[in-house]
Novice: 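Mind having a look at this structure? Questions to follow.
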Amino acid sequence: TQLLEQSPQFLSIQEGENLTVYCNSSSVFSSLQWYRQEPGEGPVLLVTVVTGGEVKKLKRLTFQFGDARKDSSLHITAAQPGDTGLYLCAGENEYGNKLVFGAGTILRVKS
Amino acid sequence: DAGVIQSPRHEVTEMGQEVTLRCKPISGHDYLFWYRQTMMRGLELLIYFNNNVPIDDSGMPEDRFSAKMPNASFSTLKIQPSEPRDSAVYFCASSYGGAGTQYFGPGTRLLVL
């Protein structure tokens, strides 16, 4: 069974600080997605990374896929209150028919 | 596109009652997924369809749960009879060509009293 361990579980920071969320597994994934979920809403896709070592940037968010495609990180620079939410990583299995989700990181950015 | 549409958004029912959740996937998507989200267990895959055919229902917790997809634009998840432990947020998601990039609906928040 493929598992994704996400850390930290909770993060409370001040506006302007930087942070990194990690997603780790002993399994190889075909691709990895990061989602952001706000209260009362469904997860919204932020990015998909496919190639080992790939780095993608989305404004103040930087996503990296590990060289071996077993882990990923999300780095937020100068966090804003609008970044508050639940961040979920999800790995696509080798057959391309399922996503394995991490438990999520609850981020709170205080102004 | 309107995105994935789910109804109802909220459902409150009493134990033993039948509950039906509905989903309209994004037009053109060939995969449809039903998930359940709770604080304790996170996001769990219940069942998924490919081209309207159920492929993997190993995540369905019990025989009380059933799902159908009669056509490419509609799916239902039914719980009969419902129990308090079924209380959760149920999400439908759809994708094209595989599970890699899924688009989620807003969810149905179910409370079974």
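Residue numbers start from 1 in every chain, and the chains themselves are labelled A, B, ... in the order their sequence lines are given, proteins ahead of strands.
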Novice: Could you tell me which of B:Ala99, B:Gly105, B:Pro106 has the largest number of non-hydrogen atom pairs under 4.5 Å with chain A?
Specialist: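 Option with the greatest count: B:Ala99.
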Novice: Got a donor-acceptor contact below 3.5 angstrom from the A:Gln6 side chain to the A:Gly104 backbone?
Specialist: yes
Novice: For chain A, which of B:Gln37, B:Glu44, B:Gln6 has the most heavy-atom pairs under 4.5 Å?
Specialist: B:Gln37
Novice: Output yes when a side-chain donor or acceptor of A:Arg60 lies under 3.5 Å from a complementary backbone atom of A:Thr77, and no otherwise.
Specialist: yes
Novice: Check the angle between the aromatic planes of B:His29 and B:Tyr103 and answer parallel, tilted or perpendicular using the 30° and 60° thresholds.
Specialist: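 Taking B:Tyr103 first and then B:His29, their aromatic rings sit tilted (interplane angle of 30° to 60°).
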Novice: Which atoms of A:Leu86 are under 4.5 Å from chain B, going by heavy atoms: the side chain, the backbone, both sets, or neither?
Specialist: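 A:Leu86 touches chain B through side-chain heavy atoms alone.
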Novice: Output the option from A:Pro43, A:Ser30, A:Gly91 having the highest count of non-hydrogen pairs under 4.5 Å with chain B.
Specialist: A:Pro43
Novice: Heavy-atom distance under 4.5 Å to chain A: side chain of B:Asp56, backbone, both or neither?
Specialist: side chain
Novice: Would you say B:Tyr90 and B:Glu11 are linked by a side-chain donor-acceptor pair, where the criterion is simply a distance under 3.5 Å?
Specialist: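 The answer is no; no qualifying pair exists.
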Novice: Below 30° counts as parallel, above 60° as perpendicular, anything between as tilted: where do the rings of A:Phe101 and B:Tyr35 land?
Specialist: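 Ring orientation of A:Phe101 relative to B:Tyr35: perpendicular.
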Novice: So which of B:Phe104, B:Phe33, B:Tyr31 has the biggest tally of heavy-atom pairs under 4.5 Å with chain A?
Specialist: B:Phe104
Novice: At a 4.5 Å cut-off on heavy atoms, which part of A:Phe29 comes close to chain B: side chain, backbone, both, or neither?
Specialist: neither
Novice: Which atoms of B:Arg41 are under 4.5 Å from chain A, going by heavy atoms: the side chain, the backbone, both sets, or neither?
Specialist: neither
Novice: Taking the side chain as every heavy atom from C-beta outward, state whether A:Ser27 and A:Leu3 have any atom pair closer than 4.5 Å.
Specialist: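 No, too far: nothing below the 4.5 Å cut-off.
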Novice: Examine whether an atom of A:Leu99 lies under 4.5 Å from a heavy atom of chain B, and if so say whether it belongs to the side chain, the backbone or both; otherwise answer neither.
Specialist: both
Novice: If you count every heavy atom of other residues, nucleotides or ligands that lies below 6.0 Å from B:Glu18 atom CD, does the total exceed 12?
Specialist: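 For B:Glu18, atom CD is crowded (more than 12 foreign heavy atoms under 6.0 Å).
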Novice: Please check this pair: side chain of B:Asp30 against backbone of B:Gly97, looking for a donor-acceptor N/O pair closer than 3.5 Å.
Specialist: yes
Novice: For each of B:Arg109, B:Arg9, B:Gln102, tally heavy-atom pairs with chain A at distances under 4.5 Å, and name the one with the top tally.
Specialist: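 Greatest number of close heavy-atom pairs with chain A: B:Gln102.
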Novice: So which of A:Gly102, A:Ser31, A:Gly40 has the biggest tally of heavy-atom pairs under 4.5 Å with chain B?
Specialist: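 Sorted descending by pairs with chain B, the first entry is A:Gly40.
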Novice: Using non-hydrogen atoms and a 4.5 Å limit, figure out which bit of A:Gln33 sits close to chain B: side chain, backbone, both or neither.
Specialist: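 When you check distances to chain B, only side chain atoms of A:Gln33 fall under 4.5 Å.
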